[in-house]
Amino acid sequence: MMLCAEVRGFQHDGSLHLQARSEKYGKLERGQLLTVPPYLVKRKKQHFHHLMQYNVDLILGCNGFIWVGEHVVVGEKTKTTGDQHKSSTEAENFTPLETRKHICRLANAVRVLSALGFTLTVELIIETAEASASSNVEINDMLGAEFYVQTAEREAKRRADLLRKKNGAR
């Protein structure tokens, strides 16, 4: 079982004091947990992201743990009885194929960016996933050398353009 909680503090014996202050914390289901070097995730005010266009939640943990999973609507629990319970449980455990593809594409984007040593931001992850889709790169082919090169070249061009803008503004 995978849980998401906020570290409240450390105890003298080395144990952690965890806190789940709101309903956004809790059990993580129907997604992928990735680990990256923690220095690739910068501390920001917001680490929980709902990517509406994909119906996916993305959590960028400062500890290097990244969660990409189906969006969970907070507080939407339905009460059922009898036969309704069985069909509603099946529906609750079903993730649509399109959403599963989005989860895999975004997770592979994180893998590629991490392997290239790029700082992970929501914007860069989405940009990489969209670049793969617009280039008609299959989800599994994102982990091939050709897409790594395309991603590195795209990021180098973006950085060069930023530097030109910065120097041109002087």
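Sequential numbering from 1 along the given sequence is applied to the chain's residues. What you see below is based on every heavy atom in this structure, not just the backbone, and it leaves out hydrogens, waters and symmetry mates.
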Tell me whether [X] shares a hydrophobic cluster with [Y], the cluster being built from Ile, Leu, Val, Met, Phe, Trp, Tyr side chains joined at under 4.5 Å.
| X | Y | result |
| --- | --- | --- |
| Y39 | V110 | yes |
| F118 | V149 | no |
| F65 | L113 | no |
| L33 | V56 | no |
| I59 | L40 | no |

Supply the atom-to-atom distance [X] [atom1] to [Y] [atom2], rounded to the nearest 0.5 angstrom.
| X | Y | atom1 | atom2 | result |
| --- | --- | --- | --- | --- |
| L34 | L60 | CG | CG | 10.0 Å |
| S135 | E146 | OG | CD | 9.5 Å |
| L106 | T128 | CG | OG1 | 9.5 Å |
| T95 | N55 | OG1 | CG | 9.5 Å |
| K101 | E138 | NZ | CD | 8.0 Å |

Q. Can you tell me if N108 and R111 form a side-chain donor-acceptor pair at under 3.5 Å?
A.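 Checked: N108/R111 side chains pair up, N/O donor to acceptor below 3.5 Å.
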Decide yes or no for [X] and [Y]: does some side-chain heavy atom of the first lie under 4.5 Å from some side-chain heavy atom of the second?
| X | Y | answer |
| --- | --- | --- |
| Q150 | S132 | no |
| K42 | L120 | no |
| I126 | L58 | no |
| V122 | L51 | yes |
| F48 | D57 | no |

Q. Less than 4.0 Å between a side-chain N and a carboxylate O, is that true for R164 and D161?
A.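 Counted as a salt bridge, because a side-chain N and a carboxylate O are separated by less than 4.0 Å.
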Q: Determine, for R159 against E155, whether the closest basic-nitrogen to carboxylate-oxygen distance falls under 4.0 angstrom.
A: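 The answer is yes: the pair qualifies as a salt bridge.
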Looking only at heavy atoms, which two atoms of [X] and [Y] are closest? And how far apart?
| X | Y | result |
| --- | --- | --- |
| V137 | F147 | CG2-CD1, 4.1 Å |
| I139 | C104 | CG2-CB, 3.8 Å |
| V112 | T151 | CG1-OG1, 3.9 Å |
| M142 | R105 | CE-O, 3.4 Å |
| A115 | Y148 | CB-CE2, 3.5 Å |
| P38 | N63 | CG-O, 3.5 Å |

Q) Is it true that a side-chain atom of S134 and a backbone atom of E130 form a donor plus acceptor pair closer than 3.5 Å? A)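 Confirmed, S134 side chain pairs with E130 backbone.
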(Q) I'd like to know if the side chain of R43 and the backbone of C62 have a donor-acceptor N/O pair within less than 3.5 Å. (A)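 Flag not set: sc R43 to bb C62 has no pair under 3.5 Å.
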Q: Mind telling me whether Y54 and H102 have parallel, tilted or perpendicular rings, with 30° and 60° as the class edges?
A: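 Ring orientation, 0 to 90° scale: tilted.
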